[in-house]
Amino acid sequence: MSVVLVPRSSALAAFRQRMDAVTIRIGVLLLVAWLFIIIALPLWALLSKGFENSSGAFVGLDNFVTYFSTPTLFNSVFNSFWVALLATAIVIPLAFGYAYALTRSCMPFKGLFYAIALLPLFAPSLLSAISLIYLFGNQGVLKTLLFGHTIYGPLGIVIAQVFYCFPHALIILMTALALADARLYEVADALGTKPSRVFRTVTLPGAKYGLVNAAFVVFTLVITDFGIAKVIGGQFNVLATDAYKQVVGQQNFSMGAVVGMILLVPAVVAFAIDRVVQRRQVALLSARAVPLQPKQQGLRDAAMTAYVACLAVLIIGVLGTAVWASFIVYWPYNLALTLKNYDFGTFDAAGWSPYFNSIKMAALTALIGTATIFTGAYLVEKTRANSIGRSIAHLLAMLPVAVPGLVLGLGYVFFFNAKWNPLNIFYGTMLVLVVNSIAHFYTVAHITALTALKQIDPEFESVSASLKVSIWRTFRRVTVPICMPAIFDIAIYMFVNALTTVSAVIFLYSPSTKLASVAIVHMDEAGFTAGAAAMATLILVTALAAKLLHLALNRLFFFRAQAWRTR
Amino acid sequence: MEASIGWSATESDTNARSSFLRVRNLVKRFGNFTALDDVSLDVLEGEFVCFLGPSGCGKTTLLRAIAGLDPQNEGTIELGGRDVSKLPPSARDFGIVFQSYALFPNLTVADNVGYGLVNQRKSRAEIAARTQELLTLVGLADQQKKYPVQLSGGQQQRVALARAIATSPSLLLLDEPLSALDARVRIRLRDEIKDLQRRLGVTTIMVTHDQEEALAMANRIVVMNHGVIEQINTPNQVYRKPATAFVADFVGSMTFFDATITETKALRVDGLELKCGAHPFAAGTAVRVGFRPEEVQVRNVTANAANRIVTHVTSLDFLGSFCRAKLKPQSVSNITILADFSANLMRDLNVAEGQEMIVALPPESLHIFARP
Ligand SMILES: Nc1ncnc2c1ncn2[C@@H]1O[C@H](COP(=O)(O)OP(=O)(O)O)[C@@H](O)[C@H]1O
Ligand SMILES: [Mg+2]
């Protein structure tokens with residue numbers, strides 16, 4: 001460590017330490033207040049709205065009774081449920097095979113195939129739906145493959161969701177499969193066990209919690225995703241589109257809140273299960289376990305490569321169709337290339353401004369979000385004052401992961417649009433969009449920051465106190481530089497997600513702050529599918545560029561500057 | 001003669017009885033690093049052999065090559081007269097126990113023990129009976145329904161042992177099975193394993209870095225260093241007649257001095273002229289000479305005893321059941337002799353620091369090695 005902390009006069013030092021105590025206390029209070037405003041109160045607004053009528057009077061369970069006794073509304077619960085179930089049942093085995101190949105075989109180009117599988121994360125969910133429309137829609141080139149069935153409806157939703165959810169499931173399953181005790185496999189081998197029994201008794205039990213977790217995450221993603229159902233759902237009603245119709249179409253906030261609460265159920269269950277799973281998973285792998293190194297097996301490796309390559313081609317094909325179509329004059333009749341679909345002014349009065357709004361929103365989210373979340377995590381992890389406040393802050397920070405974007409968006413409408421709320425002057429502004437995105441992606445960023453902070457010697461703060469240096473100076477000079485890789489990770493995570501999100505912001509934009517993802521929905525709604533594809537392509541390219549920049553910066557700065565990490 | 005006692009001396013032994021495991025010219029490389037360098041070895045039927053050596057010397061690598069888990073680059077392995085060099089582990093017929101127990105965490109104790117029996121398509125009743133029998137054997141008959149995490153380390157290792165012998169393999173491989181346990185459990189389980197092995201008569205190879213463990217358990221010890229075998233012999237012979245300076249130092253403790261051979265049965269260490277046993281070195285050869293602290297003779301040193309040295313005690317370290325003394329010869333001040341005195345001797349002779357003490361180094365207890 002080359003940072004030298006030099007004490008100055010002792011009177012000054014004592015003053016500085018008292019100042020530290022004060023600023024930390026104020027910091028924790030501010031953090032709690034901030035988290036209440038951006039997370040707790042909007043959620044409370046949603047929950048209470050469900051028990052009120054349109055004029056704000058308490059009506060008990062009336063709204064729920066109405067909801068469940070209106071077949072057109074209640075039917076969506078059923079629709080959402082089986083579509084999500086079906087998509088989950090398809091995605092999990094597909095992703096498990098892919099993850100198994102990447103972690104347990106010696107197939108070539110693992111990094112490349114992993115990167116390809118992650119591609120859908122860099123586009124709005126509805127990009128895959130747009131591609132499906134180009135392939136199987138009314139003007140679809142492969143329409144005949146459907147034998148008269150229509151892609152607009154559950155079929156399209158399920159297929160599009162499979163593509164969108166694939167990387168989410170893959171990441172979880174890769175983590176589950178990456179951790180394995182080689183000794184268990186060796187014992188099974190020595191005892192002459194057939195591969196199928198090894199898979200059943202060693203591999204599957206080891207990945208069990210990952211499978212359960214991935215299934216719940218995917219189920220929740222599908223049931224709460226708005227973009228895909230909106231674009232390709234046709235007349236097929238699901239919960240997410242219902243919420244949109246109730247709130248945006250009919251201004252029926254109470255019924256929107258009821259739908260929001262129903263959407264909260266699977267997410268909360270998934271969250272609870274994930275907590276239990278994480279606690280159990282730790283106990284499963286002993287400290288003495290020897291990590292499994294895949295061995296070469298010609299035939300198996302070849303089969304795995306073929307399987308992975310097939311899926312990778314499909315993923316690229318589906319993403320690529322929308323990208324390609326965005327450069328086509330008139331799909332599928334005139335396949336000449338053109339840039340006219342990028343002249344957004346011809347489809348939508350807002351023109352290119354939604355794209356720049358999105359960039360601005362994502363950049364501000366990354367900037368403000370990273371700074372506040374990291375500082376907040378520092379206060380939670382590294383300071384000792386006000387332990388109740390810090391516990392509350394941590395609890396609130398862990399909450400958003402269980403709240404789907406659509407639900408959070410609804411909460412923001414009810415909270416920031418309320419007449420009694422002095423903060424309602426911000427409704428419709430860029431600020432609310434930014435704050436909403438920060439809240440939406442808070443938990444993962446918070447955990448990333450905590451993990452990085454936990455790796456730092458807890459005595460740094462004591463040392464700085466004994467050297468009579470302000471704790472904030474240690475924070476700036478030592479903690480932040482050490483955590484720079486994690487800080488970059490958080491920033492890019494916030495940026496990409498803020499850029500691609502649809503469901504949270506669909507309720508919150510105003511004409512002057514319309515975002516690219518919203519513009520895609522509008523252009524598609526108005527029948528300008530090519531324009532929608534072009535805008536989605538722009539987002540994909542921007543998000544990918546940001547990620548590549550992140551990787552390059554990591555290489556450049558942390559490879560050498562953080563050389564001390566490797567010892 | 002001691003210096004030349006290597007594994008060639010034991011080869012004639014092994015020829016008498018049939019060798020069950022025959023390893024010839026084994027080479028194992030990890031990239032550029034040679035972990036096993038031309039290793040040959042025979043293990044007799046029913047024998048308990050320990051691979052002993054410092055961490056990283058290749059014990060585990062050798063064991064895993066025998067198991068087929070990490071196949072060798074060169075050389076052959078024969079098991080019961082069958083060449084298994086190229087066979088996968090499942091075709092080799094052995095049971096294995098790891099330091100980390102490696103019990104299936106999702107299966108009960110009984111299911112863990114019966115795991116290999118299921119593969120043999122035994123009937124349910126047969127499996128249950130055999131599992132019961134084995135768990136009784138290792139003293140865990142009442143723990144059948146528990147899961148591994150609910151057992152202590154010692155209990156888990158007993159289950160792993162039961163699982164390894166359940167299918168009655170002809171070879172039992174143990175890779176540091178006791179290293180993860182605390183001292184008391186380790187000594188108890190050590191006796192249990194030894195006892196079990198004797199009763200079953202199963203040929204057993206155990207890897208350990210603990211010389212005490214190897215001396216206590218093995219019929220023969222294979223001492224390894226840097227991927228080669230330094231010596232193969234019984235515990236007694238390895239201790240009494242270490243083939244190399246490395247073995248002498250690793251098994252038990254030994255003080256070493258640089259010395260020069262003066263005549264057939266005499267040598268000089270600095271100013272000290274010492275008598276020694278027979279050795280293959282010519283006069284004038286520079287050698288290393290060592291002796292064990294417990295072999296320094298203190299009682300009944302007659303005036304004309306060989307290698308009689310007048311010393312004084314410079315320090316005494318109390319080590320529980322004995323004391324380790326540093327002795328300085330009066331005639332040569334720059335060498336220090338280590339000697340272990342039992343508690344009895346300390347009391348009888350009333351040993352104290354600074355005291356004069358007449359000791360003898362019996363010529364047969366001097367170990368002479370070539371200087372590298
Ligand atoms: N899979 C491997 N890859 C590279 N080097 C290895 C591997 N396994 C063992 N080695 C090296 O081989 C040497 C012997 O290892 P090992 O047999 O495990 O030693 P030990 O005697 O402690 O059991 C060590 O230097 C170790 O680093
Ligand atoms: Mg080892």
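Proteins get letters first, then strands, A, B, ... in listed order; numbering begins at 1 in each.
- Nearest heavy-atom pair, A:P93 versus A:T88, reported as atom, atom and distance to 0.1 Å: CD-O, 4.2 Å.
- Residues B:T203 and B:L21 form no side-chain contact, since every pair of their non-hydrogen atoms from C-beta on lies 4.5 Å or further apart.
- Remark: the A:Y100 side chain and the A:T203 side chain contain no N/O donor-acceptor pair separated by less than 3.5 Å.
- Only the side chain of B:F98 comes within less than 4.5 Å of a heavy atom of chain A; its backbone N, CA, C and O stay farther away.
- The aromatic rings of A:F166 and A:Y98 stand perpendicular to each other, their planes meeting at an angle above 60°, with 30° marking the opposite boundary.
- With a 4.5 angstrom heavy-atom cutoff, B:D70 touches chain A only via side-chain atoms.
- Interface remark: of the candidates B:I96, B:V118, B:D111, B:V118 forms the most heavy-atom pairs closer than 4.5 Å to chain A.
- Using a 4.0 Å cut-off between charged side-chain N and carboxylate O, B:R24 and B:D42 make a salt bridge.
- Using modelled atom types and a 3.5 Å distance limit, the side chains of B:T208 and B:D210 yield no donor-acceptor pair.
- The parts of A:A188 that come within reach of chain B are both its backbone and its side chain, each placing non-hydrogen atoms under 4.5 angstrom from that chain.
- For B:L117, no part lies under 4.5 angstrom from a heavy atom of chain A.
- Of the residues considered (A:E186, A:K194, A:R197, A:K295), A:R197 shows the highest number of contacts with chain B, using heavy-atom pairs under 4.5 Å.
- Residues A:M304 and A:P294 form no side-chain contact, since every pair of their non-hydrogen atoms from C-beta on lies 4.5 Å or further apart.
- By a heavy-atom distance cut of under 4.5 Å, not one residue of residues 185-195 of chain B is near chain A.
- Shown are B:Q211, B:M217, B:H209; of these, the side chain to side chain contact (heavy atoms under 4.5 Å, CB included) with B:E213 is made only by B:M217.
- With hydrogens and angles left out, the side-chain atoms of B:Q150 and B:Q155 include no donor and acceptor closer than 3.5 Å.
- At a 4.5 Å heavy-atom cutoff, B:R92 makes no contact with chain A through either its backbone or its side chain.
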